[in-house]
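None of the values given here were measured: they were computed from a predicted structure. Excluded from the calculations below are hydrogen atoms, water molecules and symmetry mates; all remaining heavy atoms, backbone and side chain alike, are included.
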Amino acid sequence: MSKEKHHRDWILRRCCGSIAACILTLFVVVGFIVLVIYLALHPSKPSFYLQDVQLRSIDLSDPSLSLDLQVTIASRNPNDRVGVYYKTLDAFTTYRDEPVTVPVSMPSIYQGHKDVSVWSPVMSGDAVPVAQYVADAMKQDIAAGYVLLHVKVEGRVKWKVGSWVSGGYNLFVTCPALLATSGSPFAGGAFAASTASGVGVPAGVNTTVSLKFTHPADCTVDV
């Protein structure tokens, strides 16, 4: 009788040990999966920087605006274990929240851990219609000696952890580009701006001022 009880206790201990081992293994596997999902779905977003703006011209002829520029934008992946696929990227320029250049596509790339990538898109807008208040604001800014543009990038990104790749996420980047006249305390790389009717200048008389990109700027990034 005692032998049978001892045998049942031994079987019970073995079963409990096996169940405990299975539960522990399950917790480890689930924890690993949760960690992978966390890293994949909650990585640090990439950092973007506007390094340079080479503006060739701004031509304001009511009620339209022509703009020609080349920008240099850098991006850094701050993650140690998560790569970034930039699947689609479109860059354009705005003034007072209105687009003043046509969107241009930038090359799709994969960005590894801690890697830095650089793009130099050329953007232009030929006789882009703008609201009257935007044209008036541009005249006033040029007369004051500075113009604040925003370079924007929109696209889709995916995160890569090991061999696993996430679904796509929307990317929105906004970079301030402050331009100033050579005599302004803001000033820094030159281009010309002309208005068909400058502030304080008789209508029909063209005025040209030299504007310069002031300094590199951090960009805001939303994913």
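A search for side-chain hydrogen bond (donor to acceptor under 3.5 Å, both in side chains) contacts involving Asp97 returns nothing, not counting sequence neighbours. Tyr86 pairs by the ring pair (Phe, Tyr, Trp, His ring centres under 6.0 Å) definition with Trp119, not counting sequence neighbours. Residues that satisfy the ring pair (Phe, Tyr, Trp, His ring centres under 6.0 Å) test with Tyr85, not counting sequence neighbours, are Tyr110. With sequence neighbours left out, Gln51 forms a side chain to side chain contact (heavy atoms under 4.5 Å, CB included) with Thr72, Ala74, Val118. Asp90 is linked by a side-chain hydrogen bond (donor to acceptor under 3.5 Å, both in side chains) to Ser105, counting only residues two or more places apart in sequence or in another chain. Under the side chain to side chain contact (heavy atoms under 4.5 Å, CB included) criterion, Ile23 pairs with Ile19, Phe27, not counting sequence neighbours. For Ser124, there are no side-chain hydrogen bond (donor to acceptor under 3.5 Å, both in side chains) partners two or more places apart in sequence or in a different chain. Residues meeting the side chain to side chain contact (heavy atoms under 4.5 Å, CB included) test with Val104, sequence neighbours left out: Ala91, Pro121, Met123. Listed by chain and residue number, Gln54 satisfy the side-chain hydrogen bond (donor to acceptor under 3.5 Å, both in side chains) test with Asp52 (two or more places apart in sequence, or in another chain). Remark: Tyr133 engages Glu98, Ala131 in a side chain to side chain contact (heavy atoms under 4.5 Å, CB included) (not counting sequence neighbours).
Evaluation of the disulfide (SG to SG under 2.5 Å) test over residues 76-118, restricted to residues two or more places apart or in two chains, returns none.
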Sequence neighbours excluded and cut-off under 3.5 Å, please list the side-chain donor-acceptor pairs for residues 151-158, or say none.
unit_1 : atom_1 : unit_2 : atom_2 : d
Arg156 : NH1    : Asn170 : OD1    : 2.9
Arg156 : NH2    : Gly168 : O      : 3.3

Check your understanding: Can you check side-chain hydrogen bond (donor to acceptor under 3.5 Å, both in side chains) on Gln132 and Asp136, steps first, answer last?
Key -> CA-CA 6 Å; Gln132 186 61 51; Asp136 292 341; 3.0 Å; yes

